[in-house]
There are 2 protein chains.
Amino acid sequence: MMVDNLDKRKKRILQAIIQEHVISAAPIGSRTLSKKYEFEVSPATIRNEMSDLEDMGFLEQPHTSAGRVPSDLGYRFYVDEIIQAPELKFPQMLENIEDNYRDMQSIQDIITGTARMLSKMTRYTALVSEPSIQESKLQKVQVLPVAGKSLLIVMITDTGIVHNKIIKTEQDFTAKKLHYINQFLSDKLENKELAKLDPEYLVTIEEQLLAKIDISKKIFTEIYQEFKGINKPEDLKVYLGGTSYILDQPEFNDIERLKKVLNLLDQEKVLGKLINNNLSGADLEVKIGHENELEDMKNCSLVVATYHISDKAIGKIGVLGPTRMEYHRVISAVDLIADILGSSISKVSR
Amino acid sequence: MMVDNLDKRKKRILQAIIQEHVISAAPIGSRTLSKKYEFEVSPATIRNEMSDLEDMGFLEQPHTSAGRVPSDLGYRFYVDEIIQAPELKFPQMLENIEDNYRDMQSIQDIITGTARMLSKMTRYTALVSEPSIQESKLQKVQVLPVAGKSLLIVMITDTGIVHNKIIKTEQDFTAKKLHYINQFLSDKLENKELAKLDPEYLVTIEEQLLAKIDISKKIFTEIYQEFKGINKPEDLKVYLGGTSYILDQPEFNDIERLKKVLNLLDQEKVLGKLINNNLSGADLEVKIGHENELEDMKNCSLVVATYHISDKAIGKIGVLGPTRMEYHRVISAVDLIADILGSSISKVSR
DNA sequence: AATTAGCACTCAACATTCAAGAGTGCTAAC
DNA sequence: GTTAGCACTCTTGAATGTTGAGTGCTAATT
C-alpha cells in the first residue's frame, strides 16, 4: 500500500514518537523529542521528518499547532516492522504465574484465573474464551438415568472437555434399554469429529435408533440440538478480567467513548464473535483501531492469541486496550499466557 | 433510632423530594417542590419542614445555599414506610419475559439471560448467582471411565444441578470395579444433604471403600475436595448484566467513583460474598448506601432477592444502582424475576 | 400557634477574558 | 541536506464576573 521501507532515521523517529505517546497519551512535538532522545539533528530537521511521516500516513496532527500522534497505520507499521523479538518474557513473573495455575482445579477456575492474571500482567482488559470443541473428537457419550423421567447426557471430547445436558422424556427406561442406547450412541458417535457431525448423518442414525427400539423422537432431537449449537463461535462463553483497567486510560475519560466500549464488553455474543471468529487462523493477531470491524472499537486495539491442546487450536485469549497500547509488552504476555493456558487445561482435563 | 412517625405532610414532602431527586439527580429546593406538587402551603412552610427533616437525618444539604438531597436514612424510611404494595407488576412485559425464558435450554443460558433481562428491565446493573447446592441432596453420583486412566465423577442434586469433575488416577479400572465403586458411592452418598457431608463421615466411608477394594487413596481425596468447596458462598459464580448502565448514572460521571464500583464488579469473589452471604435470610433485602459493608459501595444500593426451587432457597439475584435508585420499580422487578428464575431452572433441570 | 411574604445572603455553574506555553511551517542562511 | 529565527496558531488553565436557585431569618398575617 505504501513505501514500506522508511529510512533508518524515520523509523527511529516513528518509534520514539510511539514510545513517548504510549507514556504520555499526548501529542509529541519535535522539541520534546530532540530533548529526550539523542538524535544528532536539530528539532527543525525532526520537524521535517515528522511532516514527511504525516504525509505517508503514519502520524496525525490533532490540530495545527499541536505535536504529532501516531495513526493506526503508524502503529501497524510499528507492530509489523519495528517490534523485535518478544524479548521480555516476564521471567520474574513466570514462577508466580505457574504457582497460580497449580491451585486451579477446574477448567472454569483456570479460565477465570487466566483472565484475571492476563489483565494484571498487562494492565489492560483481558478476554478468555472457553475452549471450543468444534475441532475435537467425541471421546465418550453416555446417557445416565436421573430421577423422574429425565436423562442426563454426558459428552467428553478427546481434549477432555465435558458437556452435559438434562433432557426430559415421557417414558421410563429399563437398564437394558439404556444400555442399548449407550452402546448405540458410542458406536455411532464416538471418535467422530464434532464439526463433521452433519445434520444428515444425525438424521440417519436417528432413524436407525428409532427403528431398533421404542424411544421417543424428542430425545434425539435434543441431542441433535446440542450438537448443532456447539459450533458457533459467538456462543462460546467469554470471560473478562480487569474491566476496570479501561478507566486508567486517559482516552476513556470521555464518558461517551467509555460507554461504547463497556457496552461491548456487556455483550457476550459480540465478544464471542470478535475473538473466536477465526479459530484456525494465525496464532497471533493484532487488530489496531479501525482495523476492527466494529465502529465502537475504533479507539481500541485487540491482541489475540490462540491456545492449543495437543497442537489442536482450541480457543482464544485476548487483550483489549486503547490503540495507544504497549504492543510489545502485551504481545509477549498474550503469547506466553496462551501457551501456559493450553497446557494447564490439558493437565486438569485428562 | 428515631421518631419513626412523621406527620402526614412531612411524609409527603420526603416522598416528593425523593421522587424528584430520583429523576433529576440534583438537590431539590422548596420552590421547585411547591411548583410541581400541590402542597397547599407556601415554599416558606415547606422550607421549615425540610429543615426539620434535615434535623431528623432524612435529608442532607450539599452546601449552604443548595436544595436538599435524601440521605441514606431518608431512603431507608422511604423503602420501609412509604413504598406501598409492589403495584407495578410489569404486566405488559410479562409475556415477553416468559417468551424469552422459553428459548433457554441450559441453566447457563437461563442465568446469563436472567442477568441480561433484569438489567434491561431496571436499567441498572444486574447480578445473578448460580444456584448453590449446599442445601440440596445428592440425587445421584456416578463415576465414568474416561480414556487414559482418568475418571469422570458426575453428581446430580435433587434440585437438578449437575456437577462434574475429571480426576486422574494411576490405575486401570475394570468394569466390575467401577460398578462396585458406583454402587458403593450411591449407597453412602445419595440422598444426603450436601451441607451435612462432614469431613468425619467422608473419612469413614473412605476407609470403608479402601478396605473393600484396591483403589488409590487419591481418588477419594479429590471427591472430598470437591464436596468441601461446594459450600462457600464466595465461590459461587456470579453473572453480570448491564454493567454499562452504571455509566448512565450521573453520580458516576466522576471517574474515581466509577472505578471503585467497576473494580468491585471485576472481583467475582467479592460479589459472591456480597450477594450470597445470607442464603437462607429474608427473601428480599435492600442495602442502602453505607448499609453495605464495603466502603466502595457507599454510593450504591443493592436490592437482593432469593430464588427457590421447590421452596428451597437456592440462589440470589440482585440489582446494583446508585443510592438514588428507583426502589419501587426495582423491588418489583427483582421480586418478579426471582420467581420466574426459580421455576425456569427447575423446568430445564428435571 | 402556624403560616407566609419579604429580603439579604450564599454558592455553584457558566461564560468571558487573558496570559503562558508548546508547537508548527516557512524562509533564508549555513 | 540542515538549521536558526521568527511569526503565527491553538490549547490550557487561571482569574474574574454574572446569573439564578436556594436558604434562613424576621416580622406581619391568619
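Hydrogens, waters and symmetry mates play no part in the numbers below; they use all other heavy atoms, side chains included. Numbered from 1 within each chain, the chains take letters A, B, ... in sequence-line order.
Applying the ring pair (Phe, Tyr, Trp, His ring centres under 6.0 Å) rule to Tyr124(B) yields no partners; only residues at least two apart in sequence or on another chain are considered. Under the side chain to side chain contact (heavy atoms under 4.5 Å, CB included) criterion, Ile23(A) pairs with no residue at all, not counting sequence neighbours. Residues satisfying the salt bridge (Lys or Arg N to Asp or Glu O under 4.0 Å) test with Glu60(B), not counting sequence neighbours, are none. In this view, Arg47(B) and Ser30(B), Pro43(B), Ala44(B) satisfy the side chain to side chain contact (heavy atoms under 4.5 Å, CB included) rule, not counting sequence neighbours. For Glu40(A), there are no salt bridge (Lys or Arg N to Asp or Glu O under 4.0 Å) partners at least two apart in sequence or on another chain. In terms of the side chain to side chain contact (heavy atoms under 4.5 Å, CB included) criterion, residue partners of Ser65(B) (sequence neighbours excluded) are, by chain and number, His63(B). Not a single side-chain hydrogen bond (donor to acceptor under 3.5 Å, both in side chains) links Thr122(B) to another residue, sequence neighbours left out. Here Lys120(A) pairs with nothing under the salt bridge (Lys or Arg N to Asp or Glu O under 4.0 Å) rule; sequence neighbours left out. Not counting sequence neighbours, Tyr78(B) has no partner by the ring pair (Phe, Tyr, Trp, His ring centres under 6.0 Å) test.
For the residue pair Ser301(B) / Tyr327(B), a side-chain donor-acceptor distance below 3.5 Å is found, with atom types taken as modelled.
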Exercise. Report, as a single string ordered 5' to 3', how protein heavy atoms within less than 4.0 Å touch nucleotides 17-30 of chain C: B base, S sugar-phosphate only, - not at all.
Key: ------BBB-----
Could you go through nucleotides 26-30 of chain D and list every protein N or O atom that sits under 3.5 Å from one of its N or O atoms, giving the distance for each pair?
none

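Note: CG (Asp52(A)) to C1' (dT2(D)) measures 13 Å, nearest angstrom. Straight-line distance from the NZ atom of Lys10(A) to the P atom of dG1(D): 10 Å, rounded to whole Å. One interatomic measurement links the two molecules: CG of Asp7(A) to P of dG1(D), which rounds to 11 Å at whole-angstrom precision. For the pair Glu49(A) CD and dG1(D) C1', the computed distance is 10 Å after rounding to whole Å.
In Lys273(B), the NZ atom is not crowded: 12 or fewer heavy atoms of neighbouring residues, nucleotides or ligands sit closer than 6.0 Å.
Close to dG1(D), at under 4.0 Å from its OP1 or OP2, lies no side-chain N or O of Arg9(A). Within the structure, every side-chain polar atom (N or O) of Thr45(B) is placed at least 4.0 Å from both OP1 and OP2 of dT3(C).
The terminal axes of the helix from dA1(C)-dT30(D) to dC30(C)-dG1(D), fitted over 5 pairs per end, subtend an angle of 30° to the nearest 10°.
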